[in-house]
Amino acid sequence: MKVVVCVKQIPDPALPGELDPSTNYLKRDDKLILDESDSYGVEMALQLVESAGGGDVSLVSMAPNGAVGGLRTALAMGAEGAVLVSDAALAGTDALGTAKVLAAAISRMSPDLVLAGVESSDGYTGTVPEMIAGALNIPSITFAKQIQIEGGNVKVQRQTEAGYDDVECPTPALVSVTAGVVEPRYPSFKGIMAAKKKPVEELDLSALGIDSSSVGKNGARQETVQVTDAEERQAGEIIEDDGDAHEKIIEFLGELKVI
Amino acid sequence: MADLSDFYELDALLGDEEQMIRDTVAKFVVNEFMPLVADHFEAGTFPMELVPAIADMGLLGMHLDGYGCAGASAMAYGVACRELEAGDSGLRSFVSVQGSLCMFPIWKYGSEEQKEQWLPQMAAGEIIGCFGLTEPDHGSDPSNMATRAQRDGDKWILNGSKRWITNAGIADLAIVWANTDEGFRGFLVPTDSEGFEARKIQNKLSLRASVTGEFYMDDVIVPESMRLPDAVSIGAPLSCLSEARYGIAFGAVGVARDCYNAALDYQQGRPQFGKPLSSFQINQIKFADMLTQMTNANLQAMTLGRLKETHTVRPYHISMAKRHNCRVAIDTARTARAMMGANGVSTEYSPMRHANNMESVMTYEGTEEIHGLILGQEITGIPAFR
Ligand SMILES: Cc1cc2nc3c(=O)[nH]c(=O)nc-3n(C[C@H](O)[C@H](O)[C@H](O)COP(=O)(O)OP(=O)(O)OC[C@H]3O[C@@H](n4cnc5c(N)ncnc54)[C@H](O)[C@@H]3O)c2cc1C
Ligand SMILES: Cc1cc2nc3c(=O)[nH]c(=O)nc-3n(C[C@H](O)[C@H](O)[C@H](O)COP(=O)(O)OP(=O)(O)OC[C@H]3O[C@@H](n4cnc5c(N)ncnc54)[C@H](O)[C@@H]3O)c2cc1C
């Protein structure tokens, strides 16, 4: 069984982010790290291969400047190898362009199963995985909390507001994994030291046969027209307890539809 | 506010792998250990439930090669100790005792069969070790130890007691140092041996999140195959202590950093007399002093790391760094504690827990005075402790 996991490498969320004022793009000059949203997909893939008693977990990522910091973390967790797509012409690529590029890279890897996060931690359009499935013309299942491979089928518990649905489709397929459903392992020190020696194949657009005008800023159908500061948080409502505070709290939670 | 705790950005000199190991340990400490430490400190227990995860990462015997050990660099071992001890000295002690005091002597002085029998299981955390050198009547002068091993054909008969032994009571295997007619020798003694009895020391006010105990040996019979063949003098246990003290020099920097950060965070957020505590001159001077001392300690640790990697480190280098950095850590912890007022005495904050722990860390692995005397001997050529 061959599983390919899409992993996005993002600027460290612990460091203060900054936009380039001329382009309104997020500055990505510092080291990029593994998006935590994707560590669940990596863990899920490793568990699937372990329980299948064999197979291969590979990674695919698109990132500027040949960044491999986040890939190394996922390799240290146990993935076998990675494909990185990096090309200066990709600056400003929107979610659809990203999906096209990743789909082209994935199709060369002929996986049985493609895993992705439900949404990334920085861009969070939550659209890339399904568009990859569209571009590859394979079925996709979203919001997985549990995945099983049986014969030529993938069986997924798909998280819903009330619980979960059992969904099944033939492989090859793409499944997006809900954050938090598995406990991503700590990379072992042996894994960390082995990660350096694992293969990372770097591809540019011409290697994938993608016309550079169809991606990047020019190919993007989405444009950042303006950036404004988020509104300051309003002070919360303070309820004095005259014996009925609990009712007001219940009413408030009811309005939020959380109870 | 920028984080200045690595003031000269020395961590940038670490290799990629060393940085990843640091980050992995730091994340483990914050996510898995910190939620548990206050309760274990109060209860006087070590969180044994974390041992499998500690072992899976490769922390146990991480700087040893082969036999299931990770084979990481000396620098990686140092920064791992720093991150562990930023959590609690008890956590770093667990890793030091298992790796440096119990696995290292087997790796260095053991036979091939001993290495193959014990090291993989110890690296996996399936067998926990303890290191028995100190005795009720002999601490700083182990060469006067009273524990005896008597040869009897292809067996040895051990008698004596060891006290203040980390992990005695939970260990499966004791590394026992004993005097014999042939000189000092080291033995691997399973703790379920006939005549071996271990007991936990209760009522410690320091290093509470670590198990400390004592054990007695009454005619314990150990086969010759369980003696460490290459350990033939008191230098053998002392070399193990050098390994562990190296880790303490780094660990103490973690303690100082955690206390400095706790006090800074607290004082920035707490107004008195209408402005944050950190805006008063006297407190700023305290932060400046803490940061300077901590930076000195870190420079010593990182330099020690380089010396160890080039195999030029000498025991007196380790003595200086262990002594200096423990002093910095305890002073920083006490200052930070005071800067947090009443809240500083609660287990909710780390500085007082660290300050209490450092009382033990300054005592074990050679006291502050003994390390000063080791330096004194190096400086003057005159040994003053005998
Ligand atoms: C203004 C702007 C500038 C950009 N500049 C560059 C650039 O210079 N170079 C460049 O390479 N990209 C660039 N991008 C692309 C960007 O990095 C994202 O990959 C893309 O926008 C995906 O959108 P998202 O984060 O909302 O994905 P979501 O749909 O929220 O992501 C869901 C999941 O899809 C997968 N996924 C998403 N993106 C990637 C990825 N890049 N690699 C692997 N898996 C992924 C992950 O599994 C993720 O969890 C730019 C994007 C924008 C908007
Ligand atoms: C929590 C904890 C865990 C420990 N774990 C272990 C372990 O796992 N294994 C192990 O073998 N031991 C362990 N120890 C023991 C530790 O190594 C000893 O306590 C230490 O070596 C000091 O010995 P002592 O307590 O007998 O003090 P003493 O040697 O009696 O010293 C008492 C005081 O006198 C000073 N002093 C001693 N000699 C001189 C001198 N010549 N000149 C000037 N001053 C001197 C000392 O500096 C100290 O201040 C542990 C101790 C503690 C507290």
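Proteins come first, then strands; the chains are lettered A, B, ... in the order of their sequence lines, and each starts at number 1. The basis for the numbers below is simple: all heavy atoms, side chains too, and nothing from hydrogens, waters or symmetry mates.
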Chain A against chain B: donor-acceptor pairs under 3.5 Å:
residue, atom, partner, partner atom, Å
B/Glu32, OE2, A/Tyr186, OH, 2.5
B/Met57, O, A/Phe189, N, 2.7
B/Gly68, O, A/Lys190, NZ, 3.4

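Using a distance-only test at 3.5 Å, with no hydrogens or angles considered, a donor-acceptor pair links the side chain of B/Thr310 to the main chain of B/Leu307.
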Candidate pair A/Val177 and A/Val118, rule side-chain contact (heavy atoms from CB on, under 4.5 Å), full reasoning
CA-CA 6 Å; A/Val177 178; A/Val118 166; 5.9 Å; no

Determine whether A/Leu71 and A/Val7 satisfy the following criterion, side-chain contact (heavy atoms from CB on, under 4.5 Å), listing intermediate values before the conclusion.
CA-CA 7 Å; A/Leu71 287 175; A/Val7 299; 3.4 Å; yes

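Neither the backbone nor the side chain of A/Ala195 comes within contact range of chain B, judged by heavy atoms closer than 4.5 Å.
Here the closest non-hydrogen pair linking B/Gly90 and B/Phe46 is O-CE1, 3.9 Å.
More than 12 heavy atoms of other residues, nucleotides or ligands sit less than 6.0 Å from atom CZ of B/Phe287.
By the side chain to side chain donor-acceptor pair (under 3.5 Å) test, B/Asp258 is found to be paired with B/Ser350, B/His354, residues two or more places apart in sequence or in another chain being considered.
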